[in-house]
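Here's the structure we're looking at; comments come further down.
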There are 2 protein chains.
Amino acid sequence: MSSDLRERRRRQTADDIQRAALRLALRCGFEALTTEAIAAEAGVSPRTFFNYYANKQAALLGRPPRMDADEACWIVHSDAPLLDDLVALLTGLVEDGARLDRPKIRMVRQVLDASPELEPLFHDMLEGNTRVLAGLLQQRLGMDAPAEAELIAGLATGALSHAVRDWASADDLPAAEIKVLLRRRLQAVCRLLCA
Amino acid sequence: MSSDLRERRRRQTADDIQRAALRLALRCGFEALTTEAIAAEAGVSPRTFFNYYANKQAALLGRPPRMDADEACWIVHSDAPLLDDLVALLTGLVEDGARLDRPKIRMVRQVLDASPELEPLFHDMLEGNTRVLAGLLQQRLGMDAPAEAELIAGLATGALSHAVRDWASADDLPAAEIKVLLRRRLQAVCRLLCA
DNA sequence: GCACACTGTTGCAGTCTGTGCAATGTTTGC
DNA sequence: GCAAACATTGCACAGACTGCAACAGTGTGC
């Protein structure tokens with residue numbers, strides 16, 4: 001195994017930095033948070049901080065699960081209802097392995113709630129996934145609906161983040177329930193708009 | 001009128017700065033764009049630049065039309081279908097006065113197209129409106145659907161920005177057609193998801 | 001006209017963010 | 001072990017952004 005140890009270390013350091021950032025943000029607020037302080041708290045040099053995260057916002061959120069276009073391309077030619085496919089694809093994103101760390105997500109939420117100006121952060125973090133999904137949906141829906149593809153992609157990832165948020169604030173909801181929350185949300189939006 | 005001349009000047013300067021930013025961005029790319037260069041091109045001091053825009057991204061987009069919660073609160077108690085109300089409210093945002101400057105919007109698009117990393121910009125610019133709309137929708141939909149309200153608000157403002165984009169890239173589409181584009185988009189999303 | 005308040009512009013000094021580079025360690029494959 | 005690959009770090013520096021205080025232009029009341 002070549003990069004196994006290195007890989008684990010990288011993950012560990014990335015996680016250390018994120019936790020340091022969250023701890024400091026909760027203690028002193030986002031305004032007073034500096035990259036230097038985060039680096040010190042995490043026990044790395046300021047320069048190293050930027051080897052892991054592009055900025056302190058990214059450090060707070062950590063590395064988001066990335067949707068892999070090749071793994072997800074089945075959705076292009078599926079015959080199942082779009083809603084079902086979206087739910088399956090997106091829950092796959094957050095269900096594989098123990099990706100979801102409830103206390104960490106709660107800390108993130110606390111920080112975001114305390115600083116409303118950070119609201120766009122969540123969106124930006126999911127932006128990458130939204131783009132991938134939008135590309136796939138464009139293929140599925142055909143050339144004439146690029147806008148619809150992007151809108152649905154944004155709506156779906158937004159619904160996922162709400163579902164994850166709700167899951168994180170509940171005390172003992174199993175991760176499998178995220179699927180249900182996500183579906184309910186999308187259906188509700190549909191119903192409200194179609195009425 | 002005391003503040004009339006001043007107000008006009010402020011608008012003029014804000015517009016000068018935006019145009020300077022767009023010109024430079026198109027000429028040299030967003031990467032090479034500095035606030036100092038924008039200020040120089042616009043004929044103001046670097047310090048003044050920040051009196052008008054919080055950062056260079058904001059300068060590129062200009063002051064977006066702001067939704068006024070008090071003016072828009074009729075939507076809370078309306079009995080009309082939600083879709084109709086959304087279309088009316090949002091088109092009202094962009095239709096009053098000659099707010100929409102087609103060549104300017106096209107320049108913005110060119111810049112955004114040239115720098116994909118700026119994609120989140122549009123979203124962030126509309127963030128304020130999304131929040132206002134989300135608040136209103138939360139009142140309309142009741143306490144038990146905060147997530148749905150936010151999702152619909154995001155979807156609707158996203159659809160509006162697509163509609164405006166399409167309008168801007170067409171050569172002689174009247175602004176009134178934005179309403180049609182917006183409605184079509186939202187309906188299409190609905191249809192695709194409900195199926 | 002003149003003094004006055006109001007508002008906007010500017011320069012300056014300073015903090016924080018973020019990057020390129022080169023030196024120094026550490027891991028890995030062989 | 002040794003060499004290649006990779007990670008960490010310090011340093012120097014450019015750019016973003018802010019607070020403050022001085023200054024200039026405009027409108028107001030007299």
Side-chain angles (χ1 to χ4, degrees), chain A residues 1-22 24-25 27-63 111 115 117-118 120-121 124-125, chain B residues 1-25 27-63 111 115-118 120-121 124-125:
Chain A
M1 287 286 103
S2 85
S3 51
D4 194 27
L5 173 67
R6 271 183 175 158
E7 180 62 18
R8 250 186 315 152
R9 276 207 176 174
R10 266 194 89 73
R11 279 182 197 285
Q12 180 65 47
T13 306
D15 192 63
D16 287 347
I17 295 176
Q18 185 191 3
R19 286 177 194 281
L22 286 170
L24 289 179
R27 200 183 308 153
C28 324
F30 180 77
E31 277 311 297
L33 193 63
T34 69
T35 57
E36 209 180 328
I38 299 172
E41 173 91 6
V44 297
S45 81
R47 187 63 187 79
T48 298
F49 172 89
F50 287 105
N51 289 342
Y52 281 86
Y53 296 102
N55 47 51
K56 57 182 172 174
Q57 292 89 339
L60 284 174
L61 297 173
R63 313 290 193 119
V111 173
S115 315
E117 78 274 13
L118 296 180
L121 262 198
D124 292 1
M125 175 180 73
Chain B
M1 283 289 99
S2 88
S3 55
D4 193 28
L5 171 66
R6 277 182 170 155
E7 179 62 16
R8 252 187 313 152
R9 276 208 175 173
R10 264 195 89 73
R11 280 182 196 283
Q12 180 65 47
T13 306
D15 192 64
D16 288 347
I17 294 176
Q18 185 190 5
R19 287 177 193 281
L22 285 170
R23 234 173 311 151
L24 289 178
R27 199 184 308 153
C28 323
F30 180 76
E31 275 313 296
L33 193 63
T34 69
T35 57
E36 209 180 329
I38 298 172
E41 174 90 7
V44 298
S45 82
R47 188 62 186 81
T48 298
F49 173 89
F50 287 105
N51 288 342
Y52 281 86
Y53 296 102
N55 48 51
K56 57 182 172 173
Q57 292 90 339
L60 284 173
L61 297 174
R63 312 289 192 121
V111 172
S115 314
E117 78 274 14
L118 296 181
L121 262 198
D124 293 359
M125 174 181 72

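Computed over heavy atoms, backbone and side chain alike; hydrogens, waters and symmetry mates excluded. Please read all numbers here as calculations on a predicted model, not as lab measurements. Chain A is the first sequence line, chain B the second, and so forth, proteins listed ahead of strands; every chain is numbered from 1.
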Starting at [atom1] of [X] and ending at [atom2] of [N], how long is that distance when rounded to a whole Å?
| X | N | atom1 | atom2 | answer |
| --- | --- | --- | --- | --- |
| B/Gln57 | D/dG15 | CD | C1' | 12 Å |
| A/Glu7 | D/dC6 | CD | C1' | 13 Å |
| A/Arg8 | C/dT28 | CZ | C1' | 14 Å |
| B/Asn55 | D/dC17 | CG | P | 5 Å |
| A/Lys56 | D/dA16 | NZ | P | 17 Å |

Using side-chain heavy atoms (C-beta onward) and a distance below 4.5 Å, is A/Lys56 in contact with A/Tyr53? no

Can you confirm whether A/Arg11 sits close enough to A/Glu7 that some side-chain heavy atom of one is under 4.5 Å from a side-chain heavy atom of the other? yes

Using every non-hydrogen atom in the two residues, find where [X] and [Y] come nearest and quote the distance to one decimal.
| X | Y | value |
| --- | --- | --- |
| B/Ile17 | B/Ala59 | CG2-CB, 4.4 Å |
| B/Leu121 | B/Gln57 | CD2-CB, 3.3 Å |
| A/Val111 | A/Ala25 | CG2-CB, 3.9 Å |

Let me spell it out: for each of B/Arg9 and B/Phe50, pick the nucleotide of DNA chain D with the closest heavy atom. Which residue's pick is nearer the 5' end? B/Phe50

Which side-chain N or O atoms in residues 31-44 of chain B pair as donor and acceptor under 3.5 Å with protein atoms at least two apart or in another chain?
residue, atom, partner, partner atom, Å
B/Thr34, OG1, B/Ala37, N, 3.0
B/Glu41, OE2, B/Arg23, NH1, 2.7

Looking at A/Tyr52, I'd like to know if the NZ or CZ of A/Arg10 sits under 6.0 Å from its six-membered ring centre while staying within 45 degrees of the ring's axis. yes

Report each atom pair, protein N/O against N/O of nucleotides 5-10 of chain C, whose distance is under 3.5 angstrom.
residue, atom, partner, partner atom, Å
C/dC6, O2, B/Arg6, NH2, 3.3
C/dT7, O4', B/Arg6, NH1, 3.4
C/dT9, OP1, B/Tyr52, OH, 3.1
C/dT9, OP2, B/Tyr52, OH, 3.3
C/dT10, OP2, B/Ser45, N, 2.9
C/dT10, OP2, B/Thr48, OG1, 2.7

How long is the straight-line distance from CG of B/Leu60 back to CG of B/Leu118, given to the nearest 0.5 Å? 7.5 Å

Where along residues 28-40 of chain B does a heavy atom fall under 4.0 Å from DNA chain D? B/Leu33, B/Thr34, B/Thr35

